[in-house]
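A short worksheet on the structure shown next.
Residue numbering restarts at 1 for every chain, and letters A, B, ... go by the order of the sequence lines. Keep in mind that the numbers below use all heavy atoms, side chains included, and drop hydrogens, waters and symmetry copies.
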Amino acid sequence: MQKGRVSLEKLREVAHLRCRTNVIGATMRVRNQLSKATHDFFMGNDFLYLHTPIITSSDCEGAGQMFQVSTLDLENLPKNDAGGIDYSHDFFGRKTHLSVSGQLNGETYACGMGRIYTFGPTFRAENSNTSRHLAEFWMVEPEAAFFTLSENTLLAAAYLRHCFKHLLDTCQDDIDFFNLRIDKGLRARLEGLVDAEYKRITYTEAVDLLLKADQKFEFPVIWGADLQSEHERYLCEEVFNGPVTVTDYPKEIKAFYMKLNDDEKTVRAMDVLCPQIGEIIGGAEREDRLDVLEHRMAQHDLDPEDYAWFLDLRRYGSVPHAGFGLGFERLVQFCTGMGNIRDVIPFPRTPKNASF
RNA sequence: UCCUGCGUAGCUCAAUGGUAGAGUAGGUGACUGUUAAUCACUUGGUUGUAGGUUCGAGUCCUACCGCAGGAGCCA
């Protein structure tokens, strides 16, 4: 190798050098302390650390493409009478996948035990080639019984605040390093967010702000359409200059399990948007009414058979509850200023790439 | 998956369609100095892969693979 700088892209190809560089080292120390902050925060607030399964049998959790798990011989697949693959011969006797979310499992224990959180690997087989997507990433997913959307947003803000403060306390040198070499405004931004009030607006208010903006957008702003990256960026970079929580989205663009508002047009969803990296948290108050949930599933063309256990959660002693999912690597990105999500995880897994 | 750009020595990069080069690393020798990188000489290539156009392709065309940025999907 030459002397001098080696690019982050090149380092991803050299296992023994990557882990010895100051950037990757500092990133992994921050990642480590953010893990600790996560456990400290939730355990300190009476959340139970729940280990949800990595292998799931839910056919479609509605969160994107899944990796299939099988011990069948791909060269010689057993067939059923209809000519399809006979999964009764597979290891679990049915079709199984790697988990795309621990949420549904988390909800069951939240309803049984009160407050839980999961923190573990999550898998998405989406063909996403961006600086903020991984095929294997870590997700923090709290779920709490008797929480409303408001309490959910407060929980998210308190959690983020705790993480920023913990980092400033424990990773002084590394933050200085990132502040000097990677992202000039990092330290001031983190410090500003420790005590700041976190902005919260509804989707409808966000649309109004965008319509009033004296800025041209490539995509039109229409109530009912999902916010585009450029819209999210305008909101948190131009309007609020920091993270902003957007709530109460139109029901058509959100998942079936989110609680329907009384207007019957919006659901109690929340997204926390961050400058540069976009959505860092997605969550909602869950639909706890059996009849409404069944109706919503029908609208999404989901088979109730596949979700029998999930529906039973409402059928037998339903309680209001809420939760969210936070992409841990995106949090690390936000806290380090690192531009590419592949550089904030020890061994990145992306489409066409799973070396060492 | 879509758009744009890129892929040349171990590494970082040059090369109006006309003999593939430099820096650095490596090797050999000098220097015994001080702080990534002192001097001289030197090894090193199927130009991402496969085709095509051409008298002639690193350069132009097609497909594929990979990387970067942006978009979609999302966390």
Side-chain angles (χ1 to χ4, degrees), chain A residues 1-14 16-18 20-22 31 34 38 52 60-67 98-103 106 117-143 152 156 159-160 163 217-220 225-234 236 243 245-246 249 252-255 257-258 269-274 276-284 323-335 338-345 348-355:
Chain A
M1 294 283 282
Q2 76 207 20
K3 298 186 178 177
R5 305 292 270 282
V6 182
S7 71
L8 289 167
E9 291 85 23
K10 193 72 210 172
L11 283 175
R12 285 180 216 140
E13 300 168 11
V14 194
H16 62 279
L17 277 185
R18 194 170 114 105
R20 293 171 198 204
T21 58
N22 47 12
R31 188 185 169 97
L34 283 173
T38 297
T52 47
C60 40
E61 295 183 31
Q65 293 287 105
M66 296 194 273
F67 290 100
L98 294 180
S99 175
V100 294
S101 166
Q103 181 196 316
Y117 73 103
T118 75
F119 181 21
T122 309
F123 307 86
R124 303 271 167 95
E126 297 282 353
N127 191 4
S128 294
N129 294 289
T130 80
S131 54
R132 52 192 186 283
H133 287 86
L134 290 164
E136 176 180 322
F137 64 100
W138 285 59
M139 191 147 64
V140 178
E141 294 178 285
E143 193 74 34
N152 207 28
Y159 167 53
L160 290 175
C163 287
F217 295 112
E218 188 185 343
F219 293 90
D226 212 349
L227 299 178
Q228 301 288 323
S229 289
E230 57 174 343
H231 303 148
E232 298 181 348
R233 200 164 260 179
Y234 175 82
C236 48
T245 305
V246 182
Y249 284 79
E252 285 80 12
I253 57 174
K254 287 294 178 183
Y257 51 72
M258 297 181 176
M270 63 173 237
D271 284 358
V272 178
L273 311 175
C274 277
Q276 309 301 327
I277 50 180
E279 186 179 344
I280 192 171
I281 287 177
F324 62 79
L326 169 132
F328 189 63
E329 282 74 21
R330 290 188 181 172
L331 178 64
V332 180
Q333 272 188 286
F334 185 75
C335 292
M338 295 290 283
N340 196 315
I341 201 167
R342 300 173 188 206
D343 297 319
V344 301
I345 187 168
R349 243 97 261 214
T350 51
K352 300 284 161 43
N353 196 332
S355 52

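For the C1' atoms, the distance from B/A22 to B/G45 is 15 Å, rounded to whole Å. The gap from the C1' atom of B/U19 to that of B/U4 amounts to 35 Å, rounded to the nearest Å. Rounded to the nearest Å, the gap between the C1' atom of B/U47 and that of B/A40 is 30 Å. B/U8 and B/G27 have their C1' atoms separated by 23 Å, with the value rounded to a whole Å. The gap from the C1' atom of B/A9 to that of B/G21 amounts to 10 Å, rounded to the nearest Å. When the C1' atom is used for both B/G18 and B/U59, the distance is 11 Å, rounded to whole Å. Rounded to whole Å, the C1' atom of B/C13 lies 22 Å from the corresponding atom of B/U49. B/G17 and B/C31: their P atoms are spaced 49 Å apart (whole Å).
Judged by distance alone with a 3.5 Å cut-off, no donor-acceptor contact links the side chain of A/Arg342 to the base of B/C67.
Across all their heavy atoms, A/Gly283 and A/Asn152 have their closest contact at C-ND2, 4.4 Å.
Side-chain proximity of A/His133 to B/C65, B/A68, B/C74: nearest is B/C74. Set against B/A71, B/G70, B/A75, the side chain of A/Thr130 has B/A71 as its closest nucleotide. Checking B/G69, B/G66, B/C74 against every side-chain atom of A/Asp226, the shortest atom distance belongs to B/C74. The side chain of A/Arg132 sits closest to B/A71 out of B/A75, B/A68, B/A71. Ranking B/G72, B/U12, B/G69 by closeness to the A/Lys10 side chain, first place goes to B/U12.
Remark: P of B/G70 and CD of A/Glu230 are 14 Å apart, rounded to the nearest angstrom. Spacing between atom CD of A/Gln103 and atom P of B/A75 amounts to 9 Å, rounded to whole angstrom units. Atom-to-atom, CD of A/Glu141 to P of B/A75 comes out at 9 Å; the value is rounded to the nearest Å. Atom pair A/Tyr249:OH and B/C74:P shows a separation of 11 Å (rounding to whole Å applied). Rounded to an integer number of Å, the gap from A/Ile253 CD1 to B/C74 C1' is 13 Å. Rounded to a whole Å, the CD atom of A/Gln65 is 14 Å from the C1' atom of B/G72. Atom CG in A/Asn152 sits roughly 15 Å away from atom C1' in B/A75 (whole-Å rounding).
The shortest distance between side-chain heavy atoms of A/Val344 and A/Arg330 does not fall below 4.5 Å. No side-chain heavy atom of A/Met139 sits under 4.5 Å from any side-chain heavy atom of A/Thr118. Using a 4.5 Å cut-off on side-chain heavy atoms (C-beta onward), A/Phe328 and A/Ile345 make no contact. A heavy-atom distance below 4.5 Å is found between the side chains of A/Thr350 and A/Leu134. A/Ser99 is not listed as a side-chain neighbour of A/Thr52, based on a closest heavy-atom distance of 4.5 Å or more. For the pair A/Leu326 and A/Thr38, the minimum side-chain heavy-atom distance is 4.5 Å or more.
One finds a side-chain N or O of A/Gln228 lying less than 4.0 angstrom from the OP1 or OP2 phosphate oxygen of B/G72. Within the 4.0 Å cut-off from OP1 or OP2 of B/G72, at least one side-chain nitrogen or oxygen of A/Ser229 is found. Between A/Asn353 and B/G66 there is no side-chain polar atom (N or O) within less than 4.0 angstrom of OP1 or OP2.
With hydrogens and angles disregarded, no donor-acceptor distance shorter than 3.5 Å links the side chain of A/Glu136 to the backbone of A/Arg349. Although no hydrogens or angles enter the test, the distance criterion places a donor-acceptor pair under 3.5 Å between the side chain of A/Arg20 and the main chain of A/His16.
By the criterion of a centre-to-centre distance under 5.5 Å and near-parallel planes under 30°, the ring of A/Phe328 forms no stack with the base of B/A75.
A/His231 has its ring centre less than 6.0 Å from the ring centre of A/Phe217.
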Let me have a per-nucleotide readout for nucleotides 2-7 of chain B, 5' to 3', with B, S or -, counting only protein heavy atoms under 4.0 Å.
------

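Both A/Arg12 and A/Ser128 lie near RNA chain B, and the one whose nearest nucleotide falls closer to the 5' end is A/Arg12. Nearest-nucleotide assignment on RNA chain B puts the 5′-proximal partner with A/Glu9, out of A/Arg233 and A/Glu9.
The strand RNA chain B forms stems, runs of 3 or more Watson-Crick or G-U wobble pairs with distances below 3.5 Å, at B:1-7 with B:65-71, B:10-13 with B:21-24, B:26-30 with B:38-42, B:48-52 with B:60-64.
Each of A/Arg132, A/Arg31, A/Arg342 was checked for a salt bridge (Lys or Arg N to Asp or Glu O under 4.0 Å) with A/Glu329, and the lone residue meeting it is A/Arg31.
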